[in-house]
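To start, the structure itself, in structure tokens.
These numbers come from a predicted model, not from an experiment.
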Amino acid sequence: MRSRPHVLTAALLLTVLALPVMAQTPLPAAPGQARPVPPPDPRLVAAQQVFEALPEAERKAIQQDLGFATTFNGAALGTFGTLTFNGIQNFQRENALAVDGILTPPARQLLATKARTARTALKFAVLDDQRSGVKIGIPQSIFTKREPNATGGSRWQSTDGKATLDTSTLAVGGETLQQQYDKAIVSSNPARKVTYKLLRPDFFVVAGETPTGKFYRRMTLGGDGVIRGFAVGYDKTMASDMDRLVISVANSFEPFPAAIAPSTAQRPPPVPAVPLVQAPATPRERLASGLVLDGGHVLTSEAGVKDCRMITAGPRKLVARVVASDGTLGLSLLKTDGLARAGAVLSMGGAVRADSALTMVGQAWSGAAPGGIFAEAIAVGTNRIAAPLQPGSAGAALFDGSGALAGIVVDDPGARRQVAGVVPAARYRFATADEIGAFLQKNSITLARSDQAKAAGSVAAARRDSVVALICGL
């Protein structure tokens, strides 16, 4: 395996990256002042337009190839951002090509060839695991032994036993995804440290380390109630290679493949002609989240709905209008016709203490389909959280252990990059329960107090229908 610069995965080494990421996060604007929005880089916008004109399968293939042929450490989601832009530019620099972030057909073929060479050296192939039903990429030069395991899947192991990869499946009627998650983050070993955890309605990721090793686990819930996943564990002496390979394994993972087909991991993907597209001057829409209240009102972040030509709310995309805003608090109140509050009755929480664990519930749109965003947030002050927020999280609701409203995220995370399918944590400001209560009272809306403790998973389940996606047309 050829030597490369050591690439740290945020999912596996968040304790190392958390402080730098937070330190580089711009401070929120002073109360009452709008945060300046830097103009988009015209080179990045142009490269994005060319990239997004390609078929989805080709976009993902490019990102997968970048992971083998360069130091690119992003998830192969087919979406374009700074990480993909920089990855393509690095590949162009390494190969004495024009550095503009746009792959010409010859450059794309060169990338495919170099990635194929790296895959061949690793004996990396996407295999069908008949026991668990998943498809997953295995670097067989490292994982030389394979045998059935006790979790309904297969175990791959290195010759010296220092690296192990397990697949697993859990039938309907067994433990729930929440129970699996709770077990994954708790250990009787005091030296075991969870450095990253993310829970969503249909999957979770837990990563961490021990004094001598590292681990990464991902479990996904299927539509039929079956849970499938994989886990990787390896000695820290292998980190320089395995940190990068875990990303490639995660990018290849298909928990519920539509059909079993021959592996194409070692064939170069087709290279279509790259169209030339004129880049738009500005984005056309912004995503945000909103908490639905009685009377068709929606509470959200002012940053999420500011300067919108039109705002739509919920899966039916009902037109909403701003009826009140407070720039100091960063809150806005919308009004819609036909949008009714759903889910459990909302109540108001108390003051948030530092180090308190909160449950964040938001909504975002992926293509044309809405999807819930769930994450755990840790209070780092009375009105700041550390959390892996994604685009669309401005206006997301924070709930305390009782399920009561503890805050509304008022900072817009903008376009966050994903690493190995997860987003690193950063710091964000939120409007407190007292601030929200005062703002709503000015608009003749009152929420009661509550102090009945509940589990975090129960909080997310009870509140998921109370939060809707907002689309701001610019």
- Item | Side chain proximity check, Leu291 to Ser466, heavy atoms < 4.5 angstrom | yes

- Message: If you count heavy atoms of other groups shown closer than 6.0 angstrom to CD of Gln441, is the number above 12?
- Response: no

- Message: Determine whether Asp400 and Ser402 satisfy the following criterion, side chain to side chain donor-acceptor pair (under 3.5 Å), listing intermediate values before the conclusion.
- Response: CA-CA 5 Å; Asp400 61 22; Ser402 72; 2.6 Å; yes

- How about Arg217 and Gln180: do any of their side-chain heavy atoms sit closer than 4.5 Å? yes

- Item | Sequence-distant partners of Thr176, side chain to side chain contact (heavy atoms under 4.5 Å, CB included), two or more places apart | Gln178, Gln179

- Note on the structure: Rounded to the nearest 0.5 angstrom, the CZ-CG distance for Phe439 and Asn443 is 5.0 Å

- Task: Supply the atom-to-atom distance Leu440 CG to Leu299 CG, rounded to the nearest 0.5 angstrom.
- Result: 5.5 Å

- Query: Counting distance only, does the side-chain N/O of Arg228 pair as donor-acceptor with the main-chain N or O of Gly133 below 3.5 Å?
  - Reply: yes

- Side-chain donor or acceptor of Lys335 paired with backbone N/O of Gly295 under 3.5 Å: yes

- Within the side chain of Gln48, is there an N or O that forms a donor-acceptor pair under 3.5 Å with the backbone of Phe85? no

- Quick one: does Arg218's side chain get under 4.5 Å of Phe203's, heavy atoms only? yes

Which donor-acceptor pairs under 3.5 Å do side chains of residues 318-327 form with protein atoms, sequence neighbours excluded?
unit_1, atom_1, unit_2, atom_2, d
Ser325, OG, Ser332, OG, 2.8
Asp326, OD1, Thr328, N, 3.0
Asp326, OD1, Leu329, N, 3.0

- Message: Checking the side chain of Ser252 only, and the main-chain atoms of Ile136 only, is there a donor and an acceptor separated by less than 3.5 Å?
- Response: no

- Any salt bridge between Asp243 and Lys214, counting N to O under 4.0 Å? yes

- In chain order, what residues pass the ring pair (Phe, Tyr, Trp, His ring centres under 6.0 Å) check against Phe253, with sequence neighbours excluded? Phe230

- Item | Check against salt bridge (charged side-chain N to carboxylate O under 4.0 Å, His left out), Asp411 and Arg427 | CA-CA 9 Å; Asp411 281 345; Arg427 295 191 180 196; over 6 Å; no

- Message: Are Leu447 and Ile436 packed together at the side-chain level, in the sense that at least one heavy-atom pair is separated by less than 4.5 angstrom?
- Response: no

- According to the interplanar angle, ranging from 0 to 90°, do the rings of Phe80 and Phe51 count as parallel (below 30°), tilted (30 to 60°) or perpendicular (above 60°)? tilted

- Under 4.5 Å between any side-chain heavy atoms of Val226 and Phe256, yes or no? yes

- Give, for atom CG of Asp355 and atom CD1 of Ile378, the distance between the pair rounded to the nearest 0.5 Å. 7.5 Å

- Got Leu177 and Met219 here, is their nearest side-chain heavy-atom distance under 4.5 Å? yes

